Every structure is written in C-alpha cells, then in structure tokens.
*Asks:* 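Attaching a single structure in structure tokens format; questions to follow.
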Amino acid sequence: MTGPSRPIPSSALPGTFSRHAGEGQRTHPGSLAPLSSVLKFVPPAPPGAAAAARLPAPLLELRGICKHFPGVKALDGVELALRPGRVTALVGENGAGKSTLVKILTGIYRPDAGEILIGGERIAFAGPEAAQAARITAIHQETVLFDELTVAENIYLGHAPRTRFGLVDWPAIRARSAALLYGIDAPIRPSTRLKDLSIAQRHLVAIARALSVDSEIVIMDEPTAALSHKEVEDLFRVVERLKGQGKAILFISHKFEELDRVADDYAVFRDGRTVGAGRMEDVDHATLVRMMVGRSVDQVFPKGKSDIGDEVLAVSGYSHPTEFDDISFTLRRGEILGVYGLVGAGRSELCQSLFGVTAPSRGTVALDGRALRIRSTADAIRAGLVYVPEERGRHGAVLAMPIVENATLGCLGAVSRRGFIRAAEEFALARHYAERFDLRAASLSQPVGTLSGGNQQKVVIGKWLATRPKVIVLDEPTKGIDIGSKAAVHGLVADLARQGLAVLMVSSELPEILGMADRVMVMREGRMAGTFDRHGLTPETLVAAATGNLGAVA
Amino acid sequence: MTLEAASPARAAPEGAGPRTIPDRLVPPWRRFAASWEAMLLGVAATVFLIDALASPYFLDLWNLSDATFNFTEKAIIALAMAFVVMAGEIDLSVGGTVALASTAMGAAAAAGAGTPVLVLVGLGVGAACGLFNGLLVARLGLPSIMATVGTMSLYRGLSYVALGDGVYKDYPAGLAWFGQGYVWQMLSFEFASFLVLAVAAGVVLHRTTFGRAVRAIGNNAFAARFSGLRVERIKLLLFVATGLAAGLAAVMLTGRLGSTRPSIALGWELDVVTVVVLGGIDIQGGSGTVPGVVIAAIVLGLVTYGLGLLNVPGIIMSIVVGLMLIGTIALPILVRRALARRRTA
Amino acid sequence: MSAVGPAAAPDGLDLRSLLARRELLLVAAIALLLAAVAARFPGFVRPASLGNTFNDTAILIVMALGQAAVILTRSVDLSVAANVALTGMAVALLDVHHPELPLALLLAVALGLGLALGAINGLLVWKVGIPPIVVTLGTLTVFRGLAFVLSGGAWINSFQMTPGFLAVPRTEVLGLPLLSWTALLAVGVAGLVFGRTPVGRAWYAVGGNPTAAVYAGLDPGRARFLAFCFSGALAGLCGYLWVARYAVAYVDVASGFELDVIAACVIGGVSIAGGIGSVAGVVLGALFLGIIKNALPVVNVSPFAQMAISGAVIIAAVALNARAERKRGRVILRPHRGATP
Amino acid sequence: ADIRIALVAKSLGNGFFEAADKGAEEAAKAIGGVKIVYTGPTSTTAEGQIEVINALISQKVDAIAISANDKDAVAPALKKAMGRGIKVISWDSAVAAEGRMLHLNPSSNELIGNMLDKLATDALPGGKGKVAILSATATSTNQNTWIGEMKKALPKYPGLDIVATVYGDDLSDKSYRETQGLLQTHPDVKVIVAPTSVGIVAAAQAVKDAGKIGQVFVTGLGLPSEMAGAVHSGATKNFAIWNPIDLGYSAAYLAYDLVKGAKAEPGAALPMGRMGQLKLDAGTEGAMADPFVYDSSNVDTFAKVF
Ligand SMILES: Nc1ncnc2c1ncn2[C@@H]1O[C@H](COP(=O)(O)OP(=O)(O)OP(=O)(O)O)[C@@H](O)[C@H]1O
Ligand SMILES: Nc1ncnc2c1ncn2[C@@H]1O[C@H](COP(=O)(O)OP(=O)(O)OP(=O)(O)O)[C@@H](O)[C@H]1O
Ligand SMILES: [Mg+2]
Ligand SMILES: [Mg+2]
C-alpha cells in the first residue's frame, strides 16, 4: 500500500509566499474569510506522515498514470488513493491536470501509462460505460449536458429505467428525477428543457445526474464554481450523506474553506504530478499553496512602473440588450485596466462588443479622442483595437494552420503586395514575434494545435501585436496555461504596457488582477460594480463588489 | 516568390544565443512526396497506363483531346466549388444553375441576341444564381447544404417553367466555338480555359491573402472572424464565383450541344462534388489544394473515357467512381491507423 | 444576500408549446394548402382522394422517418434512393426466378438487404471515419450500379412478377391499402424507437451534443451506425413496396428521390445540425410535399412549375428552421433592483 | 477486319432497344463480316449519349446508328463523327437533319398518328368519348411528332375529344401518378393513349389499381411482353407497336449500306435485307413498315419474342 503522504519536492521553496496563494480562485460569496487567511504567511508544516494504519484500505488507487496531449504532458505519473467514507480534496493550479484525471477515471480518456486499481484489482476502462459499471460517477467541470432535452432526460440519459418491454420508462424517469432534484434542494421542474436553465441550475442538474447512478466512488470537479451560497450548503449536505453511506469521494475545488469543511484527505497536483498527499488535518493552507505553486511566486507579476500617458480609449454608456448595461471607462497609454467579475458577469460579451463581434444597443467608443463606429472586427483592427479571446482554441487560433499563418492572419495586408502573400516577409514577421516571445516550437510551419497552451497564447498575442494596435483587450489571458508560460505571458503584457500600449485585461484570478492592473473595474451581472485604484486595493474589496456582498468587507 | 527561408543556414544549433526557429523541418519536396496530390498523380499514371494497355485507341492525341470534353465543364465548376468546400460550405445547385443560365441564353438568342450578349447573359445569370445562394447562406445564415438543395430545384424548376417541353436551339453559329472550338491545334477552348482557370485558382488559393482567408474560414470560422476577416462577405463572394463558373460551364455546354432543354446538366452537382472530394479538399473545410482537384478531374476523365472506349456501360463507370471516392479516402485513413497501431504495439 | 440563485424554475410549459407550434404550423400550412386546392377542385378533399394522396405519400413517409434518424445524429444519407433501387431489383429478381418463395421471405430479404446496405454506410462512417456525405455520395452510385449489374440493365415487368408479390401493397384492409397501413405501422414503430428506446434517445443526444454524449457513456459512432441501419432497413422495405406498387423494377427506380426524402425531413423541422426533430414533424413534412405533388396536376398547375414550387418550399422551410433554432440571447441582465440590501 | 456498326440506344436496359439489338445481330449474321457494338447511356440524357458518341468516334467505328434522346443536342457530336468519316444514321427517334445521313422511321409518322386515333376509337364504346394522352418526356421528338400527327388526323375520327396531355417522363412512378391525376381531374375520360412503352404499362397499372377496368381503357404503343398482363386484366383492349427486332435489323442493314458506299440522297432506295427497301423522301427519311396491332388473340404469342 502506498503511503498517504509524499515528500514535497525540493523545488518547493518554503517560507516565501505572496498574494499568489489565491491562484485559481473562482470567487464566490463565501470565500472571503479564508481568502485573507491564505494571504498570510504560515510556516511550512511537516507533511502528515504516520497514521496510515488507522485509515481504511483505499477503494480506488492510481499508480503512475500518464496522459499526453499534443504539446502537453497533462498527467505525468500521478498517484492517488481514495478511501471509503472519506472525502479527498484534490487541489492544484489551473492546468495542473485535475480534470484530465477525472476524465481518465470516468473512461473518457485512456491513460498512456499507469494502472487503476479498484478494491486492489487492476482495471482498465474501455469507455465511459465501463467506468460506470465499476461504480464511478462524476460531476464534470464543464456541464456537459443536452440543451434540447428535458432536465429529467438529462439526468437519466444512458441509464434510463426501462419498462418490462425494454422501453424507456418516462413516468419513472420523471418521478425519480424529481425526487433527486428535491434531494439536493434544486427548484427545477424535470420537464423543463435544459436550454432554459441558468448556469447554476445546469450545475445542479449535473449533480443530480451524477447522483442518479448508484456508485461507490463519486467525483466532483469544481462543483461549486457556479453555485450560490445556499446551493453550496445544500451540496455539502449531500456530500455528508454520501460519506455516511461509505462512498469514496474526490472533491476538486480551488476554495480552501470549502475543502476545510468537507475534506478528510488531500492530494496536490502540480504540472501533472502528485506533489503531496495526506490527511487534511495535518496540513495548513500555506503548505498546500506552496505545494501547488512549487516555488516563490513573487516574480510572476513583473509589472514595473510604466509611464501612464494620455487617454486612448473612452467608453461611455455602452449597453447591450441582454448582456451588459451602461458601461463607462477610460483607458490611457501604458495603463493596464483589470476587469474583474464572476464567471458569467458579461465581461467577455463586453470585450467582444468593443471588438465589433456583436453590436451594442447604446453607447459610444472614442479612440484618441475620435468617436469610433465599429461594425466589424475588421473595423476594430483598423482603428487599432484588438482582442485576445478567452476561448483560445475556438476563437483565438486556427489550430490546424501553421504558426506562420496564424501569426499573420490579422495583418495579411502587411505581408502581401496587391493581395499576393510574400512568403519571406511572412516568415520574417512570424519569426520576429516568435523570438521576442521565446516561443517553444520545432518550426514555424508546425500547426498551432500541436503547441502547449502557453505557446498557443503567445502566437495569438503575437498575431495581434503584428497589427500594431493601440489598445489590446486580453480576455483571461492565462486561462489553461501552465505556470511557466503564465509568467511569460505576464511579462509580455507588462512589457507591452511599458511600451505604451493600453491594455484592458479581463481576469477571474484575483492575484493576476491585483498583481498586474493599474486600476480595476468590477462587473456584476452585466453592470459596473465599481472601479478601484491599484493603490491599497484588497482582494476583499474586489470580491465584495463582484458578488454584491458589500457587507462582508466590514 | 522565393522560398529562400528554407535555407539550412537558418537552422542554428539549439541553446546558442536567442533561439531561432526554423521555417520548416520537412523540405517542400518531401512534403509533396507524402501528399494527397502525389498519390493522385500515381493513380492518374496508373489509370493512364491501364487505359493505354486496354484499348488500342487510347494513345491518340485527337482522342485524348476529345476525351477532355467529357469532364472539362464540370471540372471548371469544381475549381470554384473547391473554394466553397474549402470554406466549409457546399453548393449543390450548380446543375440547376447551368440549366437556368442556359435557358436564359436560349431566351436571349430567341430574342435575337448575338454571341457576345449570350455569353454575358450566361455568365450573368450564373452569377445571379450564385449571389442568391450566397445571400441565403451568408446573410440569412442558412446551412448551405439545405439551402442549395432548395435552390437546385428552384433554378431547374424555373427553367422548366420558362421552357416547358420546348427547346431553344437557334443559337448563333459563333456560340458553338465556346463548346466545340479549338484555340490551338488540338487544344480546345474548353480545355484551355480550364487550364488557365486552374492556374488562376491555384495562385489565388495558395498565394494570395484571399486564399489564406478562405482556408482560415474553413478551418475555424470563429477564429477567422475574430482575426478581422470578413467571413460573410468572403463566403458570399465564393458562392458568386461558383455561380459564375456554372454560368461559364453553361455557355460552353450550350455551345457544345447547340440546344437547351431544362434537363440539361442533370445530376452534375454530385459529379462536381466527387471531383472536389477526390481532389483532397476536406468536405468539412480547411484543407486541400487546387492541383489535387485538377488531377482528380483528370483521373475521373481518364477513367470514364477509358471505360467508354471499352464500351463499358456508364453505370459501371459510376460504380468505379463511387468505389474510387470511398476507397481513396478510406485507404489513407486505414493505412495511417495500421501504422499507428504497429508503432504502439 | 443578493446572490441568491434564481429561485423559480422557468416555466417549462411554453417550450412544449413552442415545439408543438412547429407541428401546428405545418398542420395549418397543410390545411391551407388543402383549402386552396379544394377551392379549385373540390374533389381533391374527398376522403377517397385524400386516402389516395396519403397512399401515394406512404413511401416518402417511411423513408423520411429513416432519414430523420440519420439527420438527428448530424449525418445525412444520400444513398436511400439507390438502396430502394437495389433492394427493389433484388427482390423482384428473386420473385421472378423463384416464384415459389413465400412473400414473407422476400419481405425479410428486402428488410435485411436494406439494413445491410445501411450498415455498410454506417460502418464506413463509424469505423473508418469518413464524413457521411462523402460515404453516401459514393455508395449512392455504387448501389445503383449494383442494381444494374444484378439485372444486366433489364426491366422487370409486372407480367413477370407473381400476382401475390404485386398484390400486397394494394390489398385493402379496413378500407385502406396495405401500403398505407405500412406507413402507419412505420410511424408507430418510429414513434416507439425515437421516443421510447435507448437507441432513439441516443440519436437525439448524439446529435444534440456529441461530447456530452460521450460523457454520458454513449458511443456517437455506434448511434450513427444504428441510425444508418434503421434508415437502410426502411429503405429496403420501400424497395419492395415501390417495385410492387408500380409493378416494375429497373435501375433508375426512385432516381433523385433522396432529395425529396431529405426535403420532407427539413420541412418537418428536423435540424440539419442534429438533435432536433419529431416523428410528427417528419410525417407532416412528408405529407406536405406529397400533397403538393398530388395537388399540382389536379389544379392544373403546369407540371413544369412543380419543381420550382418544391424548391421554393424547401428554401422557406430551411429559413424557418434556421429562425427557430437561432440561439436566443442568454439573459445576464436582470431587472435593476435598485440598492442592494 | 470486320465492319463495326454501333447501335446506340436511348438508354440501356430498355426492352425495346434490347430487342432492336437482337435484330441488329441478326442482320450482322446475315450480312457477314459485321460486328455490332450495342451501347448507350444509362439514363435517357443527351449528355450521356454524347459521351458515348465521343467514345465511339475514338474507337473509329465504321457506322453509328442512333435513337436520339434529344435531336438537337447530339447533332454536333454526330457531325464531328461524320467529319471523321463515320457513317451516321438515326432510327426510331430522329436526329436533326444536319447530324445524320438518313433517318429510319419505324413507320411513317402519319400512319402512327392515324393508328393511335384508330386504337382510341376502337376502345371507345360507340367510338365517341373523351381521350387523354400520356406522353414520355416533354422533349422526346418522336412522341411530340406522333401526338401532332394524332391531332392532325382527328377530322377523320369525329368521335374523339382529346382533353389533356400529361408527361410521365418515361418513369413508371411519374407516369403512374400522372395517370392517377388524370383519372381524378377528368373522371369522364374513357381512353388514355400512351404512345410510350413505359407510360402505357404504368397507365394500365394505375387504371387497374383505381378499379376502373372496363370504364377506362389504356391504349397506345407498347411491347407485347410488357403488355400481356394488361391485356389479360382488361385494362387494355388493344395496342400497337412495330417490331423492334425488324427495326434494329433494318438500322444495321442501312448502316452497312452506307459503309459500303451507298449514297443517302432524297429519292434513293436502300436495301434492308428481308425488310425490303427504304425509300428516302426529300428530308432523307424513310418509313420501315406499318405498325402492328396486338390484342388478346395474339399478344401471348408475341410476348415470347419481344
Ligand atoms: N483535450 C486536450 N487536448 C490538449 N490538451 C489538453 C486537453 N485537455 C487538457 N489539456 C491540457 O492538459 C493540461 C491539464 O488540463 P486540466 O483540464 O486537466 O487541468 P485542471 O487541473 O483541471 O485545470 P483547472 O483548474 O483550470 O480546471 C492543460 O495544460 C490543458 O491545456
Ligand atoms: N445564463 C447563461 N446561460 C448559458 N450560458 C451562460 C449563461 N451565462 C453565462 N454563460 C456562459 O458562461 C461563459 C461566461 O460568460 P461571459 O463570457 O458572458 O461572462 P464573463 O464575465 O466573461 O465570464 P468569464 O469569467 O468566463 O469570462 C460563457 O461561455 C457563456 O456562454
Ligand atoms: Mg479542471
Ligand atoms: Mg469570459
């Protein structure tokens, strides 16, 4: 039996610590108090060693699990043990490989190496059904459900109760799903179509779906990210109940105070490796954070003093029929304006509207004092406003096309004469940015899809710099990027600001916002919830504004 | 355009100084050797050889020249269709467009128009049909496969409405040249036009910003729009171009037949799509080359002509073509999979 | 606190009716069409005449149901008409050369051969991973070609087939020909398959969201394969029906019919993007087309206008579908609540 | 080497043309040293025929005898064939005069038109009543000619009242549906004349299925083998056709004549073996023989032949 705890690698530097502790924080109303506690220095505690004997034997064990994607080693020898009647917290930075592990455990991906043991026996999953047969169920991070189908069917699809004749038993499905939803206190009618639910309600449906299969092992991948305080409480009650039934639970969350409440054991992932595991009571937040980050993170935010110049962009009264309303702000040369808010606050929509993807209903935009009318992305680019989108693979890069062609896609005019592309100029331009950003690629003709997330992001940012913009809008620029590239992207953004570019940076990560931004605008439910200066800004202020929970600050 | 960038001088050793990234790892000729086009060329050569062995009449320049008439008009449409498919759309209305354009030419001829006017009418009606398709797809956002199934019936239907059981056949003698004339020796106007258009299409797709934009749209229309490309306008243009190509084909076909009936060019859409797909254009958009399409057109021409020389019924030819379509696409997939399996085993 | 989740679930009722509205719309369109025809030729809406029209549309209905399954899974089957030609020819030849074979066996052959042809499509899509449109574009010519190979191009005429073989579709039971009954039966079976079997629900799921389907333990490839089999089997059945009904088998049977079949699905509201569609819609879509086809000659609309009219109807239906499917904007903005407590 | 004569059908798989091929082979055997290349497109399109013609030109056959799908569209290709020294004749369905050297009509168009009127009159009780025509494609040359001749001959048959013409496109299902439509829109039609071998079968079937045997009769041009059933069921009293075997025989013979140097000039008389001679009129056309009428007394005998 593998021991429940592992030594922290020497690369983890104990003692030094900064605000970065909140890394990966998906903010929500309840996270205020622990957040500040995380931000205090706590000396490293020795990893919980003994006590293994008292624990029940693991129900599920993972040994040396590896999973590679083109350009990314998502998992690299992961070890994990889940025990019956206990909740194991899995923590790790964005991109550490947590969700990948979940997908392996649910049979969606097959591991490249390593073994899965259930009740001590080796098992391999041919597909999701096999995992279900092995009595594993999961709430996935993204709600992967069916818009056109009803809530009831979403819950029971794939394992619907049948009548004697083998037909789908609709009355039973409706009755049981109603009971399940009632059990988690979710006020949703089973006959509603999923497309008419809010994100939070969808999450509740996903939870109900996971609970609809009778299983021994329950995995929850950030189940609380989109839930309100009350819904989170309801979920915890469910978790306690499952625990009482002797199930083994894997609980993934970035919110330590939640983990404190439900978890018995912990495991920490960093860059696809297990860097620590043990009993929750033997560890404190700072140690967890240090294991997650694995180094001092002071230099992650290289934002130096940049000279903030004249006003470049002025947005006023900007509105959209359904997404946002009455947004006004200004942006100056060399300034980084952070935009903070909860997931779904409408920030991406605002950015996309500024960039000409969607039309606003009201409001004005002025660039360099001149009023702009942006009807298309081409207009925006011509005016000098560019946008690095949140969904890199969908909106940012053309994954199947080579690096060169991605790099010049926004400025084809600059590398062509009378519409004919000059191959030499194209390569020269691409190489210029590749070298400036220290791009890790085998060649410039390599498809962007084969690069790691961070390098993909460098290509996308390079694409926009090649158009020589005045304003760059970055939407979650470090989402899904490994820690090394993250620092590189931060350095890059700081550089750009120093060189006089005006930067609007949307981020859900408090440390990133706090570390990078000169000023922060907070959005809540499509409206401005305040603008704050860097000076003296605390995470509490931002979270309070983003959640509307102003009382909590006091 | 020089490709000097591929010179070995650039491949600096790793680690020393600022990292340099080579332009490409695989030299262009090696890439070509492993490409779809190379495979098609091989197929073309094989078919040519088989034809030459099977029929004593095959290796005759006049015969080969005659053979081009069987596929040139469709191949011209395929050149334009390649762009549409490349951009992730499809146009199934080309046969109907040819019929309507030819009918319009017939009506114009009946009204006393001369050859130049007739050519303009054919091209114009073709372009108008393409424009309508383009508006449906790019402006109204309809799925092109369904929208053009509709316009396919609509265009041919209009030509039935106009012509009924009648026929237009009193075309000026000059028009025949477009379908039967020779530019130089055995080089027909049709085939010469095809060659010129093929070169033009190749240059546009592979050397211009427009071609790059089309490829980007086919790969990822969202990312293309987010990169400032005018996706709708480009798609509209591609449909117009396809309509125009169908119009040109209508001019040639009308010249070749010397008459118009509403059933003209029936079922061409499938032949054209077959050429495009066989040519290696990904039906889901984003990849493929013009040379591939050109070679595929010639391969299909050689196959059908060779079988024709042996008096094999046309439907047997279509079995061969159907099997070739599935086979040429399935084979590389299966081979790749088998290789991958052996590597992991 | 203010961040309370939306307490009340949105009313599910209006969605149901929204869906129903699409079918209602078709019913209304059909009623209007019938009224217009009746105004010029009252005889058309006599029960006997309507029965005739339904009987004429029966094959279209059956095949559209099969096609709907395929389209639900984000695929398309262009080879159904060729399937009809090949299976029709095969059973006709069997009947001619072995008149002693019982009809039940011939029916089984038709269903089985059709299913096998569908399975070929399905396997190429599932196991080889060729896009459905390419696969069926290829098999469409191959199947029809095989019909030619089987028959040597010859026609099989009514006098060569056994009377029993020919009689089935036109035998009247309770005042309706068996052909119509077959269509009704197919509607019933499709209703069960689409609505009450795991396979049918998998078609909706796989077409609606393939990724989520994988997460739910469904195999999209397998679901697609089964949809092709379903479509193939129904097309095979129609192969027999067609040949027996029109009392002739030849290579060009049902040529171009695949487009009518797809059009019926689209008019019936099956989304070409997958995951949306209903049996009722498909039946109504097929009926709408069938009525147009039957009514035009009756009201003396030139037969030459028929093609243009059906083209226009298809475009209108596609446009209507696109409108219905267009994503409604999500609502982030809530009514302003003034000051937060 | 043998003299190669290509017999080009409107489409392959049509019983009529298969029978004609039999006749052509018979002629080849009778003449000796002649090889028949029987070919055609798979569906009745002009474009398909043009491809076939091009292939034949490439093979340098000695003669082409064609039944055209579209008399104008195939003419340019055939002109090219003649330019390359190939003798071209058309038979059954004509090619525009500039595209062939002579045309062999199965019978004179006048005779056929007259015959169709007569068949309709015979089928009508009392020789009086309403008649509808089911044609093939609206573009078929011979159909249109015959229907035209039918109408011209009407004065001789005062009882006939032609009320409608519909097109079944030589497709069984379409012909069937068009017939159904006719029965509905014109309930008083007593006779349906289908001068097409595909249409007449489908029309007889539709009449039978509508339960109108005895009230509505189908007549026209059809093959005995395909029509035997209809005659027995009573849907058809009588119909006519010329012998397609004779037609193929004659076409092959005429093509051979031309290869051997005969001139196809107005007024010329060309030998056709056992079928006698073909006299060419001013338009270099000639008629083979009278159509032959089939009814219940003789249909079974001929059904075994073609
Ligand atoms: N399908 C895929 N293809 C390529 N790379 C992938 C794929 N899925 C995940 N990755 C990469 O694998 C790494 C691990 O991703 P994973 O989603 O498991 O992280 P995570 O720990 O769940 O992060 P988060 O906290 O953001 O949810 C990331 O670098 C990610 O970009
Ligand atoms: N009510 C809703 N229904 C469905 N999807 C929603 C809803 N609200 C938000 N989303 C989804 O959540 C994501 C985030 O929404 P949006 O981009 O508008 O807000 P944001 O503030 O930019 O959030 P993020 O922090 O993720 O960038 C989007 O992908 C959107 O599709
Ligand atoms: Mg995750
Ligand atoms: Mg966002």
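Every chain is numbered from 1 and lettered A, B, ... according to where its sequence line falls, protein lines coming before strand lines. Everything numeric here is computed off the predicted structure, so don't read it as measured data.
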*Asks:* How long is the gap from CZ on B:Arg261 to OG1 on D:Thr45, to the nearest 0.5 Å?
*Replies:* 12.5 Å
*Asks:* Enter the distance from D:Thr39:OG1 to B:Leu310:CG here, rounded to the nearest 0.5 Å.
*Replies:* 11.0 Å
*Asks:* Considering only heavy atoms, which portion of B:Ile264 lies under 4.5 Å from any heavy atom of chain D: side chain, backbone, both, or neither?
*Replies:* both
*Asks:* The test is side chain to side chain contact (heavy atoms under 4.5 Å, CB included); show your working for D:Lys79 and B:Gln180 and say whether it passes.
*Replies:* CA-CA 11 Å; D:Lys79 253 201 288 196; B:Gln180 304 165 33; over 6 Å; no
*Asks:* Suppose we screen for side chain to side chain donor-acceptor pair (under 3.5 Å). Which residues come up paired with D:Glu25, at least two apart in sequence or across chains?
*Replies:* none
*Asks:* Could you go step by step and tell me if D:Asp70 and B:Ser259 meet the side chain to side chain contact (heavy atoms under 4.5 Å, CB included) rule?
*Replies:* CA-CA 9 Å; D:Asp70 182 327; B:Ser259 70; 4.1 Å; yes
*Asks:* Is any side-chain heavy atom of D:Asp72 less than 4.5 Å from a side-chain heavy atom of B:Leu257?
*Replies:* no
*Asks:* Taking every non-hydrogen pair under 4.5 Å, which of D:Pro41, D:Ala73, D:Gly40 racks up the most with chain B?
*Replies:* D:Ala73
*Asks:* Does any backbone or side-chain atom of B:Phe69 lie under 4.5 Å from a heavy atom of chain D? Answer side chain, backbone, both or neither.
*Replies:* side chain
*Asks:* Rounded to the nearest 0.5 Å, what separation is found between the CD atom of D:Glu47 and the CZ atom of B:Arg256?
*Replies:* 7.5 Å
*Asks:* Does any backbone or side-chain atom of B:Asp60 lie under 4.5 Å from a heavy atom of chain D? Answer side chain, backbone, both or neither.
*Replies:* side chain
*Asks:* Give a yes or no on whether a salt bridge exists between B:Asp66 and D:Arg84, defined as a side-chain N under 4.0 angstrom from a carboxylate O.
*Replies:* yes
*Asks:* Write out, in numerical order, the residues from residues 48-68 of chain D with a heavy atom short of 4.5 Å from a heavy atom in chain B.
*Replies:* D:Ile50, D:Glu51, D:Asn54, D:Ala55, D:Leu56, D:Ile57, D:Ser58, D:Gln59, D:Lys60
